[in-house]
Novice: 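Encoded as structure tokens, here's the structure I'll be asking about.
Given the structure is predicted, the values throughout are model-derived calculations rather than measurements. Residue numbering restarts at 1 for every chain, and letters A, B, ... go by the order of the sequence lines.
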Amino acid sequence: MRSVRKRLSSRQHNCNSGAEMTEKLPPVRVRFAPSPTGRTHLGSGRTALYNYLLARQTGGQFLLRIEDTDQKRYVPEAEQELIDSLHWLGLQWDEGPDVGGPYGPYRQSDRKEIYLEYAKQLIEKDKAYYCFCTPERLAHLREQQMQAKQPTMYDGLCRKLTLEEALRRVKQGEPHVIRFKTPKEGTITIRDYLRGEITVENRTIDDYILVKSDGWALYHLAAMVDDQLMRITHVLRSSEWLSTFPLHAHIIRAFGWQEPVFVHLSVFLKPSGKGKMSKRESAQLLQDGYSIFIKDLEQLGYLPEAVVNWIALMGWSYDDKTEFFTMQDLIEKFSLDHLNPSPAAINFTKFDHFNGLHIRHLTVEDLARRVKPFLLKAGLKVEDQKLLQIVPIIQERLVTLDDAVEMAGFFFRDKLEYEPALLVGKNLSTRESFKALQESHQLLSGADFDDKETLEISLRSLAERMGLKAGQLFGILRIAVTGRSVSPPLIESMLILGKERVLERVQAAIIRLNEIL
RNA sequence: GCCCCCAUCGUCUAGGGGACCAGGACGCAGCCCUUUCAAGGCUAAAACGGGGGUUCGAAUCCCCCUGGGGGCACCA
């Protein structure tokens with residue numbers, strides 16, 4: 001059963017007399033807390049999006065918190081890419097490292113002392129302890145446990161130390177970490193919004209390290225402290241965190257804090273549905289014109305609107321038919337209650353469909369504005385006035401913005417390149433095709449290029465007079481005028497191109513065909 | 001190996017015990033429209049992983065199996 005509403009209603013049935021309704025939440029405080037260690041991908045984008053939607057819908061706040069406590073893995077470019085990606089998607093945060101806010105700093109590397117302070121509180125409460133075991137001993141221990149087919153966890157050696165003894169060794173400068181003192185008996189019951197209650201035996205939860213020997217806190221401590229201090233009400237995060245969720249609950253309870261609502265979002269699987277995306281597969285994807293990295297998508301000619309619509313629907317649905325959503329629609333309609341806990345395979349073909357859909361929803365001016373950089377990048381000399389005329393005839397044919405280069409490039413090129421043999425019409429001889437071009441040129445020279453209907457009628461009657469099908473004639477002219485066997489509608493293209501250039505091109509075609517006659 | 005989560009067409013999904021010989025979308029196939037390609041319209045093929053329960057009745061609730069996924073760091 002995938003619907004969460006059902007779980008909730010059965011749970012709340014007793015106190016609710018069964019009158020279950022989807023109600024709007026009071027204002028939430030939510031956060032997106034990425035670690036700038038690599039490129040920003042679709043999964044992060046979706047997590048950020050859902051958080052953002054919830055904040056906007058309820059009139060709450062959306063915060064950006066940078067989780068950079070691990071200096072070894074920090075990549076400066078990653079943070080810039082992250083920010084660019086979120087902006088491109090249209091997500092703005094209310095509080096964050098760049099915009100500030102009342103609960104800062106929003107960069108964990110600026111909060112080192114805070115975490116240390118809270119770690120010490122836990123030690124005082126006997127909920128954490130100093131551990132002096134070396135990484136070597138730990139690695140060795142793990143190896144032994146693996147071999148013995150035992151669960152791999154800390155054996156609790158330093159847990160037995162008295163606080164006095166530990167403090168003495170700390171004072172002597174002995175390297176140490178701080179570990180959480182997980183209860184070893186009983187169970188803990190935690191609640192994930194999508195999955196309901198999960199009960200775990202405490203003995204399966206490790207004494208995780210909270211503070212490393214270099215004094216930096218690990219995620220488990222830092223994130224819990226920050227969420228509390230920043231007054232976070234709902235934590236929407238990747239389900240990769242589900243396995244450490246019991247630990248997190250223990251930490252929160254050890255402080256005596258109230259737990260935010262936890263929502264663990266399903267992960268994205270690679271298109272085959274077998275496992276997460278790997279480096280190698282990402283490279284292959286790019287070859288095919290796709291990418292899981294948001295920044296790449298922009299360059300490949302995808303619309304942020306389409307990305308948002310697409311990823312919103314991977315793991316969430318509104319009803320049994322609506323599929324087109326703008327950001328505004330999503331803000332209004334998004335609900336935690338229609339989230340799907342099972343993993344979803346990424347489907348780029350569907351993404352293409354959404355991109356086309358959103359392209360078709362753009363105004364002509366907007367689409368022209370967005371297509372232009374792609375044409376320029378291809379080295380085309382774009383005239384704005386002409387582009388505005390072209391856009392309506394290519395709009396419904398574009399899958400990505402980049403497609404415009406192939407589709408409309410002929411409007412902006414001086415010379416067309418194509419195989420002369422293409423000028424031979426379907427089921428026609430070279431001579432017949434040559435004749436058709438000559439006749440066309442003559443007709444076009446005297447034609448009026450202001451009216452589509454008239455021009456089309458004249459060309460059709462020319463075809464008829466020559467005993468050709470309209471399609472045969474149009475096919476030849478299409479090559480002559482656009483250089484392609486597939487193009488936007490021919491007559492409209494000719495009108496936009498203008499009489500002079502059309503005649504030039506037909507003339508050039510006659511010459512070329514003459515060469516292979 | 002250990003722990004946890006998940007399970008409806010190929011894929012994304014609808015499904016709140018009877019309204020379901022399971023609905024929508026992408027893709028695929030066919031047809032219509034048509035100067036090519038699209039877009040649009042119509043039609044088709046396509047799923048409740050298996051086994052046990054509970055119930056008058058199960059895609060829906062429970063258990064087991066199987067399959068899939070995630071985690072098991074002085075990463076996040």
Novice: What residues, two or more places apart in sequence or in another chain, satisfy side-chain hydrogen bond (donor to acceptor under 3.5 Å, both in side chains) together with A:Ser487?
Specialist: A:Arg478
Novice: Among residues at least two apart in sequence or on other chains, which ones pass side-chain hydrogen bond (donor to acceptor under 3.5 Å, both in side chains) with A:Tyr50?
Specialist: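 side-chain hydrogen bond (donor to acceptor under 3.5 Å, both in side chains) check on A:Tyr50 returns nothing, list empty.
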Novice: For A:Glu419, check side-chain hydrogen bond (donor to acceptor under 3.5 Å, both in side chains) against everything at least two apart and list the hits.
Specialist: none
Novice: Only counting residues at least two apart or in another chain, list the ones meeting ring pair (Phe, Tyr, Trp, His ring centres under 6.0 Å) with A:Tyr418.
Specialist: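 For A:Tyr418 there are no ring pair (Phe, Tyr, Trp, His ring centres under 6.0 Å) partners, ignoring immediate neighbours.
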Novice: Could you list the donor-acceptor pairs under 3.5 angstrom formed between side-chain atoms of residues 209-219 of chain A and any protein atom two or more places apart in sequence or on another chain?
Specialist:
unit_1   : atom_1 : unit_2   : atom_2 : d
A:Asp214 : OD1    : A:Trp216 : N      : 3.0
A:Trp216 : NE1    : A:Gln71  : OE1    : 3.3
A:Tyr219 : OH     : A:Arg237 : NH2    : 3.3

Novice: Could I get a table of every N or O pair under 3.5 Å where one atom is in the protein and the other is in nucleotides 28-34 of chain B?
Specialist:
none

Novice: Report all interatomic pairs (protein N or O, nucleotide N or O of nucleotides 40-49 of chain B) with separations under 3.5 Å.
Specialist:
unit_1 : atom_1 : unit_2   : atom_2 : d
B:G40  : OP1    : A:Arg360 : NH1    : 3.4

Novice: List in numerical order all residues of residues 132-140 of chain A for which some heavy atom is under 4.0 Å away from an atom belonging to RNA chain B.
Specialist: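 Per residue number, the list reads A:Cys133, A:Pro135, A:Leu138.
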Novice: Would you give a per-nucleotide map of nucleotides 62-72 of chain B, 5' to 3', where B means the base has a protein non-hydrogen atom under 4.0 Å away, S means only the sugar-phosphate does, and - means neither?
Specialist: -------SBSB
Novice: Could I get the full list of ring pair (Phe, Tyr, Trp, His ring centres under 6.0 Å) partners for A:His361, not counting sequence neighbours?
Specialist: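 In terms of ring pair (Phe, Tyr, Trp, His ring centres under 6.0 Å), with neighbours along the sequence ignored, A:His361 is linked to A:Phe324.
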Novice: Identify all pairs in which a protein N or O lies below 3.5 Å from an N or O of nucleotides 20-24 of chain B, and state each distance.
Specialist:
unit_1 : atom_1 : unit_2   : atom_2 : d
B:G24  : O4'    : A:Asp320 : O      : 3.4

Novice: Who are the side-chain hydrogen bond (donor to acceptor under 3.5 Å, both in side chains) partners of A:Lys112, not counting sequence neighbours?
Specialist: none
